[in-house]
2 protein chains.
Amino acid sequence: MRRMTARPANTHQARLLRLLRDGGPNSRAQLGDQIDLSRSKLAVEVDRLLETGLVVADGLAASRGGRRSHNIRLAPGLRFLGVDIGATSIDVAVTNAELEVLGHLNHPMDVREGPVAVFEQVLAMAAKLRASGLAEGFDGAGIGVPGPVRFPEGVPVAPPIMPGWDGFPVREALSQELGCPVMVDNDVNLMALGEQHAGVARSVGDFLCVKIGTGIGCGIVVGGEVYRGTTGSAGDIGHIQVEPDGRACACGNRGCLEAHFSGAALARDAEDAARAGRSPELAARLDGAGKLTAVDVAAAAAAGDPTALDLIREGGNKVGQVIAGLVSFFNPGLVVIGGGVTGLGHNLLASVRTQVYRQSLPLATGNLPIVLGELGPVAGVTGAARLISDHLFSPA
Amino acid sequence: MRRMTARPANTHQARLLRLLRDGGPNSRAQLGDQIDLSRSKLAVEVDRLLETGLVVADGLAASRGGRRSHNIRLAPGLRFLGVDIGATSIDVAVTNAELEVLGHLNHPMDVREGPVAVFEQVLAMAAKLRASGLAEGFDGAGIGVPGPVRFPEGVPVAPPIMPGWDGFPVREALSQELGCPVMVDNDVNLMALGEQHAGVARSVGDFLCVKIGTGIGCGIVVGGEVYRGTTGSAGDIGHIQVEPDGRACACGNRGCLEAHFSGAALARDAEDAARAGRSPELAARLDGAGKLTAVDVAAAAAAGDPTALDLIREGGNKVGQVIAGLVSFFNPGLVVIGGGVTGLGHNLLASVRTQVYRQSLPLATGNLPIVLGELGPVAGVTGAARLISDHLFSPA
DNA sequence: CATCTTTGTCCTGAGTGTGGAGAAAGTTGG
DNA sequence: CCAACTTTCTCCACACTCAGGACAAAGATG
């Protein structure tokens, strides 16, 4: 199969490609209703796109009371690769041009093993997806990493939890290996993009997407666009202080949110409680190495264990306290909570909501939904595909 | 004098008007260097603007080694009115089309007296400025109010410190009275616009502007544009909790930033200290009613009074704590501190900086200037003029 | 005074985009 | 089965935008 070579020649073509991506196949007439162009001009641009091969006309749609329309759709062979590198695992997926996930793989891996080892794994997973017949090659790839990124260059900068990646040319290296364009971003931003494209945040212009996994981060969307900040570290809320003289944090400070609540902190607290005999439910779930995860806490809570419930409530209060501040400051139209701890579900959500609704101003909370992400592990890879498609579907 | 009737007919004309506003008089050739247009096209658009009377060609500039250029400038008779309504005083200013302040009045007044009384005062001040010969009429007016605003309609919504203004049609009423277009915004946003236009924030795309006066608010600029949030309450940081079981706040919660530090809280603390005999410097400054202001505290601190210095340091710590969180979240390129307490100067700034640099991530603070606003009371009115000129200098 | 530089104007030609006429293809009702 | 109406799509004429070059105007320089 020939890979995507052309790019839209102007903004009209770019807009058409995005309409087809987000709205699926469509007739010329329907496209005309959604874009501010005359039918004649539209036809010209569609014809040019057909010539490039980026879109195809296949078959006729059912009549709507008159002449049947030609179905215009994005080239069915286009394939994007979405990669989401977490602290403890890797997600890789293939999508079509409409960003529907055709295949998805997950592999546990510690990001601290460094870029070379991780890349090897990513490429192996991509090869596996290709071998399964889902793609003959990739037209573009998006990749998320758990740390700040200098976005234009696609290079991680001073990432606390993956020091070995500092300055590693992720974009260039992956582009070389895959032979296609690549865009790199923070994993939290990609989750936000994913939920915006296919999840709970559709049609919301300004929202926050709080991802609670091994660490805590927050994707910020302003006017439909991800906001990355001056140095690419916007949304790094894990080290906001929630307790004046709280626990020591890996960053060197005390009382950071991440030190009090996150996947890692929760697991540690649960293990302590189990060992101290404060919770038989949790103790029963200890594995051979004496370890627990957020999943265990969720299970214990579901079984009614009061200690587990307390841990979740306490954590939700801490996160809610920070989110309350962010809501007052940012006045979003929606707050999405996702990441590994989504499994804690409505117990977590309830205490977050309580804090936010109590502490923030009524005007800001009046009509503010606080919800769990609906895409789970697909959010990151969908966002990654969205990132590269946004790039490729812009004028060259 | 005839008032501004025409509006730019297209984006080119709008951009030209803004170039002339921000860069002052200019020749066609120099404008051509700053705008992406051919000389011929540019000449056409300039001619059209000359026809409308929005710009004029007056005289020839000195030669730069060849034919002398015609000076193109915005119509010299254009006048904008900038109004900044604070909690305890009103600022009104007249500017020319380049937003230079030609005249400026200040009048103490309690905003709680309600919109009717305040409007009367504002109109009297505007009339006074007009009578002094600075303007024969106004081509537009911008007005800032100390509370959230539904921006498109120009109506305050649920403003805590000025309940009588809720839903009052500020834009429509003022437009009627003045007979010119009016735009309304939060006073903090206007301060940010002012500092961006003529102050410390020139050429910074993303920054925060913290205004500490009677209350505390924060202007948010993203990509050069003010961000107002979903309901217009973005930046309302006065009620972020800084102390878990802190002081009772007027909003009904405990431990709000505003309850611990703001012009009002500082004055109260200083009065308490003076009465309790903990500070002779402050006691000496008590007025007949036993009242003090931030200015008194600044003076006492300048005289070396340890209690006053402590109050400032403590307050700076509280504000710094909140700003540190915002810096982590928003990753701005600059933080500006302004408002009534600017008089506390470098004592305040020092403790804010200490908190922020200690608590926020190095990547976010690495190259982050935290500075005092440089426009003082002119910031608000300049921002107001900028607001309305941005509106009028956009395609109709 | 000839030459060079800078500024501003005019003209042509390529491209962009609109709106209408009308053909193509289909549905509906008598 | 046919006439009338709809919807979709194509084609064409015309207006407008815009770039780039030729050229005129006005001054500096030697």
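Remember, predicted model here, so these are calculated numbers, not experimental data. The analysis underlying the following values was restricted to heavy atoms, covering all of them including side chains, and did not include hydrogens, waters or symmetry mates. In what follows, chains are A, B, ... by sequence order, proteins preceding strands, each numbered from 1.
- Checked against ring-ring contact (aromatic ring centres under 6.0 Å, His included), B:Phe393 has no partners two or more places apart in sequence or in another chain.
- Scored by the side-chain hydrogen bond (donor to acceptor under 3.5 Å, both in side chains) test, B:Asn10 finds B:Glu45 as partners (sequence neighbours excluded).
- Between the CG atom of A:Leu60 and the C1' atom of D:dC9 there is a distance of 12 Å, given to the nearest Å.
- With sequence neighbours excluded, no residue satisfies salt bridge (charged side-chain N to carboxylate O under 4.0 Å, His left out) with B:Asp22.
- Residues meeting the side-chain hydrogen bond (donor to acceptor under 3.5 Å, both in side chains) test with A:Asn331, sequence neighbours left out: B:Thr231, B:Ser233.
- Not counting sequence neighbours, the partners of A:Leu42 by the side-chain contact (heavy atoms from CB on, under 4.5 Å) test are A:Leu16, A:Arg28, A:Leu31, A:Ile35, A:Val46.
- Evaluation of the side-chain contact (heavy atoms from CB on, under 4.5 Å) rule for B:Glu100 yields B:Asn96, B:Glu98 as partners, not counting sequence neighbours.
- Distances shorter than 4.0 Å separate none of the side-chain N or O atoms of A:His12 from OP1 or OP2 on C:dT16.
- Partners of B:Glu374 under the side-chain hydrogen bond (donor to acceptor under 3.5 Å, both in side chains) rule, at least two apart in sequence or in another chain, are B:Arg202.
- Residues of residues 63-72 of chain B that place a heavy atom closer than 4.0 Å to DNA chain D, in numerical order, are B:Ser63, B:Gly65, B:Gly66, B:Arg67, B:Arg68.
- Across every non-hydrogen atom of B:Cys180 and B:Ser175, the tightest pair is O-OG, 3.0 Å.
- Atom CG of A:Leu50 and atom P of D:dC9 are 11 Å apart (whole Å).
- Looking at residues two or more places apart in sequence or on another chain, you find a side-chain contact (heavy atoms from CB on, under 4.5 Å) between A:Asp390 and A:Arg18, A:Arg21, A:Arg386.
- For A:Pro152, there are no side-chain contact (heavy atoms from CB on, under 4.5 Å) partners at least two apart in sequence or on another chain.
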Check the interface with nucleotides 28-30 of chain C: list each N/O to N/O pair with the protein under 3.5 Å, or write none.
none

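- For the segment residues 23-49 of chain A, residues with any heavy atom less than 4.0 angstrom from an atom of DNA chain D are, sorted by number, A:Arg28, A:Ala29, A:Arg39, A:Ser40.
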